[in-house]
> 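I'd like to ask you about the structure that follows.
Lettering of chains follows the sequences in order, A, B, ..., and the numbering in each one begins at 1.
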Amino acid sequence: MLVALVSRLGQMLLVMFGISVVAFLIFFATPGADPSARIAGRNASQETLVQVRHDFGLDRPLPVQYGLMMERLFISRDLTSFVNRGQKVVPTVLEAIPVTLSLVFGAAVFWVLGGLIVGVVAGATRGSWLDRTLMILSLIGVSIPVFWLGEVANLITQSRWHDSWLFSWVPPLGYIALTDSPWGWFKALVIPWFTLATLYIGLYGRVLRASIIETMQEDFIRTARAKGIGERRVLINHGLRTSLVAFVTMFGLDFGALVGGGALLTEVVFGLQGVGKLTYGALQTLDLPMILATVIYASFFVVMANFVVDVAFVFIDPRARDGH
Amino acid sequence: MRSRKVFSAMLAGVGLAGLMLAASLTGAAGQEGKPGGTLKLLANAAAGTIDPHINYTLQYFQLNYILYDGLVTFRKTGDKTGFEVVADLAESLPKPEDGGKKYVFKLRKGIKFSDGSDLTTADVVASFQRMFKISGPTTGTLYNGIVGADICLKTPASCTLEGGVTADEAASTVTFNLVAPDPDFLQKISIPHAAILPAGAPLKDSGTVPIAGTGPYMIASYDPNSLLKIVRNPHFKEWSKEAQPAGYPDEIDYGFGLTDEAAVTAVENGQADWMFDPPPADRLAELGTIYAKQVSVHPLTAMWYAPMNTNLAPFNDIRVRQAVNYAIDRSAIVKLFGGANLAQPSCQILPPDFPSYAPYCPFTANPGAKWSAPDLEKAKALVAASGTAGQEVTIITEDTEVSKSIGVYLQDVLNGLGYKTSVKPISQNLQFTYIQNTNNKVQISISQWFQDYPAPSDFLQVLFSCASFTPGSDASVNISGFCDKAIDQKMVEAQAAAVADPAKGAELWTAVDKAVTDAAPVAVLFTPKRIDLISPRLKNFVFSPQFYWIISQSWVE
Amino acid sequence: MSETKPPPLVRTSELSKHYPVGRSPLQRRIVHAVEQVSLEIFPGETLGIVGESGCGKSTLGRCLVRLTDITSGTLEFAGRDITRASQRQLRPVRRQMQMVFQDPSASLNPRRRVGDLLADPFRVHEKLSRSEMADRVEDLLVRVELLPEHAQRFPHEFSGGQRQRIGIARALALRPQLIVADEPVSALDVSIQAQIINLLADLRDALKLTYVFIAHDLSVVRQFSSRVAVMYLGSIVETGPVDAVFSSPRHHYTAALRSAVPVPDVDNRPAQRIVLKGDLPSPLDPPSGCRFHTRCVAATSLCRYERPVLSFVDTNHLVACHHPRAG
Amino acid sequence: MDNLIAGQAPVRSRRGAEGPWRTAWRKLKVDRAAIMAFGVLVLITAASLAAPLYARYVAQTDPFATNLNGEIVINGETKQVLEPSTEGLSLGFTPLGPTWDFGPYMLGADNQGRDVAARLLYGGRNSLLIAGAAALICLGLATVLGVISGFFGGLVDTLLSRILDVLWAFPIFLLAISLSIVLISQSISIGPIEIRSGSLWLPVFIIGIVYVPYVARPIRGHVLSLMRAEFVTAAIGIGAPPWRILLYDILPNVITRVIVFVPLILALNMMTESSLSFLSIGVQPPDASWGTIIQDGQGLLYSRPIVALAPGLAIVISVLALNILGDGVRDALDPKSSIRVA
């Protein structure tokens, strides 16, 4: 068990190493990525350019640069941005995490509740008009590009009907810290939450419905029914509980990816200064230290989510535990 | 310089007929504002380090003028006298000595840095050494005329500027010695790169850590990801209203991260007071009508232009470059920028009202002083004569709305001339260095140039001299790779003449402007104007031709 | 008698098969599916292998035709050691040994027509023209009592019994000497089982086949086999002529197994049924010593520590037990 | 006796009995929702293909040429395509709004004075082409990788799986942006194929790669389970060489699952194409795709929202149709695959 755990962790590290190397190499393969001229300033003399390149270590061999950067990222933790000179990337990423967490947690509440309701109602009323309507709505939710939905939401709430009674409460785009104003935090995030959750409500509702329908046809459900247990209790106690395995697995992976910066588009559209926005900004300016930090951060969450789901699976799923 | 992030100050006083379209926002004369309140400013993104010796962006120059002082500075007024250099930390403007090679400044007494320490002559010497020691961006181009600068550029760490900058502490004077007379010296040391910092300032880019200054405000905190917070400097006492007046707001919060669209909405809704970035095109109509009272428009000494690589086909043929100039409908491009009230068609290098500017436009239907209409027939004839039709051309633009749409328009023009054209937008953060490097083989691109210092040399010599063309380097601002020995010689003559006889120099520069325009290494498109959107509660919006909005002089109600 | 015997077609010695299970490395464990099995199978005979499900008899069957890798021990086929032979080296040997699978719907590729499935052996081993191939396929179909036009159909269009006929036809295609039939009828309706058994028996007589017949149904084995091996937790606990083993089992497990068979029997057999105590232990963690000691009525402390080896109790009758039942 | 046994199966005796493909098709045909979705897709494709006809005969403009000074007569009134603001400070130009008449500028103009409706149709071509070509690349690569990984196992599997892990954990937009920055300024050649910078193949290539792990992993899992299937053992049993097993036993069974992925990947690709365009990576101007039209329209969101709304709706409808079709195909072909839609 321990050996397996260690080897699994080793593989995680390997994947993260691979990702950082790829990001690093891509940066240096990009023409115009050399930040020296941008750092040195417009119309800098060639001497200044050389000096700056030397100061930033950009004249050293790539493996050395990579090693130094990793050393400064993980050990001395004082790696600074190429663009906003002096901005330490580690604290910057750490400061962006609460924003992303706020966004993803809130959206997750929406989508778990929404997904459960849609899935259970549709599964219970299989074949009815209600089921069909919910499934079409879910599919529509799944089919809307999130950034477009966000833009439309902004158009409506920030401009077109901002002055109407309906949306006059909507604050300007941006994040308000929970510690500053809980009510402001809620108001600033409720539209982004809903925007981000739309896709997942559809997704989870559909998966849950399918899983419930499948489970309800299994033997132990029939046994439960035969015992005279009410249909609703069969659904909730047995059908739902079994279906939740798939639900939880999906949730773990999605949550990990989103916390890792997968909510990039939502953050950009709503001006939320989270990890996704940070990644976006770093890419726009080709800020290598920041790119590396956010990429490693993101991959950590994705890989970690995979790992947690695998481990959790052993505990949730009775079949996996038996080890047949 | 380019507009967006990087721009440097406009150094000299030129009669800028301030075309103030807006109702006078400059505040009812005589009405005094009450100090207090918090100004909320917005920008898309932070502009990098806050080290005044390193940061080279308009965004922070504007702040650094109220945070720091040089020995001299530009007068902080909202009219054209704002271009004039006045004494700041120095008691008075020094007279040039030794034929323009020596300046002696006497320091004012009783000035303190925001950290409480006193300003001394040692701080001045240390500040000038520091900008070399930390490889300041302009050290090799603006300050290389100081004696000893050449050694400092080679070995920055041990920079002393010996013989160049010397202090006499007892007399409270600092003496500057130049290698050669420089008529623009005072202007050059008026920008924040020559700000006087405490001698103990760190000998490296201070990054996000504020350095103490002498201005009425100081930086309280800086997070490039969200907020730059500026508060009053408790040690500031006004010593010269024209150089560094006391400010009104108690606090200035500069927020980062909103898109242009969101920022416009926020200012319109009164949730913020001002935005740095130009408002997006589709909001201009609404700004000009519903929010007209909150808008002001000011001409800039700048140009949007299309550099053509004079060393690559087909633009290595002057006829092709001229043909492009003839074919471009500049009024159409002006539409893309927001219309005639936001830009003025132009075909020469120097912007209107610039020193040595004489209206000149050879590339128009009726050649003369002004551009009127494109001359497609002439353009086609020139292309036919060059025999280059059918070649492939790639236009490199920034991935911004305006740059991209101008690129697409230019693509149509070039296609109309018979070329096979494609457009490639590149991230605006990379495009400027990308198009400079000859290794990238850029044929034609879209770029902008904002004046660096108010002399014709800043446009003509910087952009078109052989010296500013370095093949294979990301820093080769002569994007066209234009190198004409005769014109180069003329520029040197003009610069030399200006020292002794400014009028004679100006005349020579006018000739150079015409010569470069005729050689058509670029297609000048238009002269842009700046548009400022402010909240209704913000009063006394003073727009200096030098600093743009003087933030410290506005108050909120 | 024994000296006149022909050399064995198959000989295994101490053959073991272990494999890991578990969906993630976190829960991976080793299954001891087959443990040190030594066997000889002679030409023309039918060896029945019986045991509870999970005792490793199917795995053993697959080892015999090298459809799975062997962990340790040796396997000889027709005098040739094929324990470690690669699949490429095995290819000529495959002509001689074939397998009939338990679940005919799983062992026939659902995406291919029956004709293609039956032609595959020829395509692999012989160069035939199209018409020759069609003739052979037709022969095969007829031989297993199907119709030639069935070649055009897909497996899912057949009933279970028909599918098993197709499986048998495929096994027969290359005229092998040995056929390992892994519970060939257990997935079928009882009414069909007899037809298939009869078919297999007819083919044995007509083609002089050697069978390894794996089943958990003793009556079928008894009816069909000449010799039988009883497996428990991966090991052979008793082997010998069918009648000898079934009429007078020497191993306590065989006795229990036999007593559980519900079919009427003409032979004399004990009236009372022997009920085994406890469950079949997990092959992940087999008991020490005699694998059967946890459930054996006659177990002593010796059984817990020392593993009994197969030893003769009669001519051709071997048993692995410290305290064999009386013959 | 023969007939007795044969008679147990109720099978038509004609040659070429119904194969699994035909069965699936029969099932799909009665799925009304799927057929409707398919119809919608056919319509969208047809409309996109008819773009040149529309541009020529209805819009009567070149949707790729800027038309900054153009004029148009609507209801007898001459209007400028880019209407200058004349009130107040007269700043900015507003493109012509939708006329809602079947004719020129039905959906109005964009900021270059081009006909939005015509661009929408041309954009559909590129969106569909990109989604389709990327799906081919993605499914092709994923099938090859998944099959190799699952079939050969061992070191090859470990290596490929780790590479897929890296690709998977690599944030998708970062991957896309990084690749595009490299590719946008330099052409890249993969063997005989040269992708020129700025070409349409750039987004195709990027989108084609990012979802490879998404498909390759389940395929690998499927191959692993197939490798344990009895019919594969049976094939080994008759001595079939590996290539035969791969070709006849693994691939045909993997293909169904790959096909189930087709509509889903198409849908995913369309969404990704629009997202990438939102981040300025995609079809290069003046060419259009729905994503780039949304991006153009973003600059007009407040004055002419239709420019961004119309292509957005087109994407939603297409993706919706693809997802419905995907459900149908899955139910018909491989109901047990339980692939997550979108």
> Looking at side-chain heavy atoms only, is the closest gap between D/F64 and B/V408 below 4.5 Å?
no
> Can a donor-acceptor pair be found, under 3.5 Å and without considering hydrogens, that links the side chain of B/D282 to the backbone of D/T94?
no
> Less than 4.5 Å apart, any side-chain heavy atom of D/T66 and any of B/Q411?
no
> For B/E401 and D/N111: C-alpha separation, side-chain torsions, deciding distance, then whether side chain to side chain contact (heavy atoms under 4.5 Å, CB included) applies.
CA-CA 10 Å; B/E401 183 88 29; D/N111 63 351; 2.7 Å; yes
> B/P280, B/S405, B/S331, B/A340: which one forms the most heavy-atom pairs within less than 4.5 Å of chain D?
B/S405
> Distance from B/R283 atom CZ to D/L301 atom CG, nearest 0.5 Å?
9.0 Å
> Measure B/S422 against the heavy atoms of chain D and call it side chain, backbone, both or neither at under 4.5 Å.
neither
> Does one side chain, of B/K404 or D/Q112, offer a donor that lies under 3.5 Å from an acceptor on the other?
no
> Using non-hydrogen atoms only, which part of B/I396 is less than 4.5 Å away from chain D: side chain, backbone, both, or neither?
neither
> Which region of B/T265, side chain (C-beta onward) or backbone (N, CA, C, O), has a non-hydrogen atom less than 4.5 Å from a non-hydrogen atom of chain D, or is it both or neither?
side chain
> Looking at D/L91, is its backbone amide N or carbonyl O close enough to the side chain of B/N341 to form a donor-acceptor pair, meaning the two atoms are under 3.5 Å apart?
no
> Under a 4.5 Å heavy-atom cutoff, which of D/G113, D/P95, D/P84, D/S85 has the most pairs with chain B?
D/S85
> CD1 of B/I531 to CG of D/L89: how many Å apart, nearest 0.5 Å?
7.5 Å
> When you measure from the side chain of B/K335 to the backbone N and O of D/L68, does any donor-acceptor pair fall under 3.5 Å?
yes
> Find the distance between OH (D/Y302) and CD (B/E261) and round it off to the nearest 0.5 Å.
5.5 Å
> May I ask you to name which of B/N415, B/L287, B/L336 has the most heavy-atom pairs under 4.5 Å with chain D?
B/L336
